[in-house]
Amino acid sequence: MSALRRGKYPQVEPGAISLMHRAVAMCPSGLTVREALALVRRRHVRLLAVRDRGMFGLILPRDLIRAQALGLETRRAGDVAWRGIPAVTPGATEVTVRRHLLEGARAVLVREGRKLAGAIEPSAAALSRPALSLLPRLERQLPREMLGLLHQIGLAAESVGVRAYAVGGFVRDFLLGREAAELDIAVEGDGLALARRLASELGSRLVVHATFQTASLEGGGPVRIDVATAREERYREPGALPEVRPASLSQDLLRRDFSINAMALVLSPAGFGDLLDPLRGSADLARRRIRILHQLSFVEDPTRIFRAVRYQTRLGLTLDHNTRRALRLAADIGDYPALSGQRLTAELELVLTESAATQALLSLGRLGAFRILDQSYRFSPSAAKRVGDLGSLLRWLREHSIPLDVLALSLLALLAHLSREVAERCLKRLALAGEPLSRLTAALREAAVLARKLATQPQAPPSSRASLLRAHSLETLGGAWLAGAGRARREIEWFLAEGRATRPLLGGDDLLALGVAPGPRIGQLLDRLRDRRLDGVTATRDQELTLVRKWLLRAQASPAQPMGKASEGAWAAPSDNRPTALPAQRLGGGVGRGAKPPSEK
Ligand code: ATP
């Protein structure tokens, strides 16, 4: 009665002390992974705690084992610690403890004064809540065809004796109210049996990857479906592809990249629509944050760094503190010989398909992610400026329907500030080879020089300006645009939008009809006509016909004229109302199509 009067109900509050275990020890700072593991074994503890600037951190023995398996036993154990672990007094209420755990804390530490007394892990706080049913929301939010497909998958799974779950991006995007472009299904049991069954029911095209126990189905439904047998993964080397083996759904969720991608939706009829979220991805989505599932996640698979930044920019999320630390650790370790350049390039290309691609590149640069390409890589303010400008360049190119290699341009923006050796090492690390590599290497060498030249060159007729730019690849022009400003950029834009596209109004057939013999001289004459058009000397077909006739007459009149300076000058005269002395043999001579007019030599 007195408790009620004070506004409190008498209740049994277990409190922190009754939830904690004492199998936790302080890990002296500076201990290596190997030494910390020895400490765990010697003291028979389940957790190690570290202190960092007044805060507690936590080292999980399984992360130490992971680090050892990855060959990192001489690194500091503190590198794999979760930081910002909440600490409570023994008298703290269970509600307080549960709140910390529900917010995603790996554990709650209990301290008496400055002394560590124990730790409470999620299992002790009875956190396994009943699965939340999303059925009403599924029925409200999903198009009828999609909802029908999910039911059909669940029934098909039941008929082949397996359990099916929608996982990954589909669940994440559903919770965010976004439409997913594909549907990932994880299967407890034989995933391929379900894939075959579905393909025959839906009439989809089925592609099976037996080694990975995965299959994809295209056609026959509203979205592409990827089916995978639930699995666990083990990484033997940083960046290497993992060894996989069939596992339960919980283990499958644990091997995923981020908590927001580690949720599952039950599709089997019993429990259809239940959300399984053991790693609290929905709480992270609500708090708009990306959280890795263990501190070595990026070391195991550095391509996850690119994935993290893709989600960050696409969904407007932020990387949580421990995720940033894990990323720095992975960038520090660097190198990753087991990670192929092709995989890295593929990830970079995926980043570039995002609508906020340049924003993502900026994030990657600022986070130090490109040190994975080469440990000497530094993202300087000038690189940030180029990447910032890249967005405008790409927009301009798209508006003018100029197809340009986005990967190449991005690499120019990212690498132009580096020394030649470092930039070339980065390109090789991305497994670029052959023609694309040599074009990019040349662009890195020439772009800044070209930009300077364009900014300072004296006024020249359009044909000369076009000729200077025509001698460079599109990569070099893009690189020079990024390296330059004002006048240099305007010159390149003019060339790409106008100069490059200008053609003579006459064609090869017209020249043949005028009596020009077949051969290289046709191309040369067409180039000359194009230049006259660029310079505004000709504007109509008739003017071009007249001009060619004059050239031919002049060539006939002085067939033996040597190819000296005088005739070269006549070739390139910008104003061509006067007849140009064109020696016949010069027409068929060694100057190739696109050669520089003498005015530039
Ligand atoms: P997106 O919309 O970008 O396609 P997604 O989540 O569907 O996002 P996928 O690349 O199709 O991404 O991968 C499907 C799921 O597989 C992810 O949600 C994630 O759970 C898991 N996954 C993919 N790549 C990795 C990886 N490198 N490491 C761990 N898990 C991964």
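Order of appearance sets the numbers: ligands from 1, and atoms from 1 within every ligand.
For ligand 1, the atoms sitting less than 4.0 Å from at least one non-hydrogen atom of Gly168 are 18 (O), numbered in the order shown with element in parentheses. The distance from ligand 1 to the heavy atoms of Arg310 drops below 4.0 Å at these ligand atoms: 1 (P), 3 (O). Set against the non-hydrogen atoms of Tyr311, the atoms of ligand 1 under 4.0 Å away are 3 (O), 5 (P), 6 (O), 8 (O), 12 (O). For ligand 1, the atoms closer than 4.0 angstrom to any heavy atom of Glu182 are 11 (O). Atoms of ligand 1 found under 4.0 Å from any heavy atom of Arg255, numbered from 1 in the order shown, are 29 (C).
Of the protein's non-hydrogen atoms, the one nearest atom 14 (C) of ligand 1 is Asp184 OD2, 3.2 Å. In this structure, the protein non-hydrogen atom closest to atom 30 (N) of ligand 1 is Asp257 N, 3.2 Å. For atom 25 (C) of ligand 1, the closest non-hydrogen atom of the protein is Arg307 NE, 3.7 Å.
With respect to Asp389 and Lys385, a salt bridge is recorded, a charged nitrogen being found less than 4.0 Å from a carboxylate O. One finds a salt bridge joining Glu233 and Arg231 here, because a Lys/Arg side-chain nitrogen approaches an Asp/Glu carboxylate oxygen to under 4.0 Å.
Within the structure, ligand 1 lacks Phe170 among the residues with a heavy atom less than 4.0 angstrom away. In this structure, Arg314 counts as a contact residue of ligand 1, since one of its heavy atoms falls inside 4.0 Å of the ligand.
Side chains of Gln251 and Ser248: a donor-acceptor N/O pair is present below 3.5 angstrom, by distance only.
The closest donor-acceptor contact from the side chain of Glu188 to the backbone of Leu249 lies under 3.5 Å.
At under 3.5 Å, a nitrogen or oxygen of Asp301, whether backbone or side chain, sits near a nitrogen or oxygen of ligand 1.
You'll find the side chain of Val108 stays beyond 4.5 Å of the side chain of Leu19, heavy atoms only.
Heavy atoms of other residues, nucleotides or ligands lying less than 6.0 angstrom from CD of Glu179 number 12 at most. Taking a 6.0 Å sphere around CZ of Arg178, one finds it holds more than 12 heavy atoms contributed by other residues, nucleotides or ligands.
Of the options Arg304, Met263, Arg256, the smallest heavy-atom separation from atom 16 (O) of ligand 1 is shown by Arg256.
Looking at Arg307, Arg172, Arg291 one by one, the single match for salt bridge (charged side-chain N to carboxylate O under 4.0 Å, His left out) with Asp257 turns out to be Arg307.
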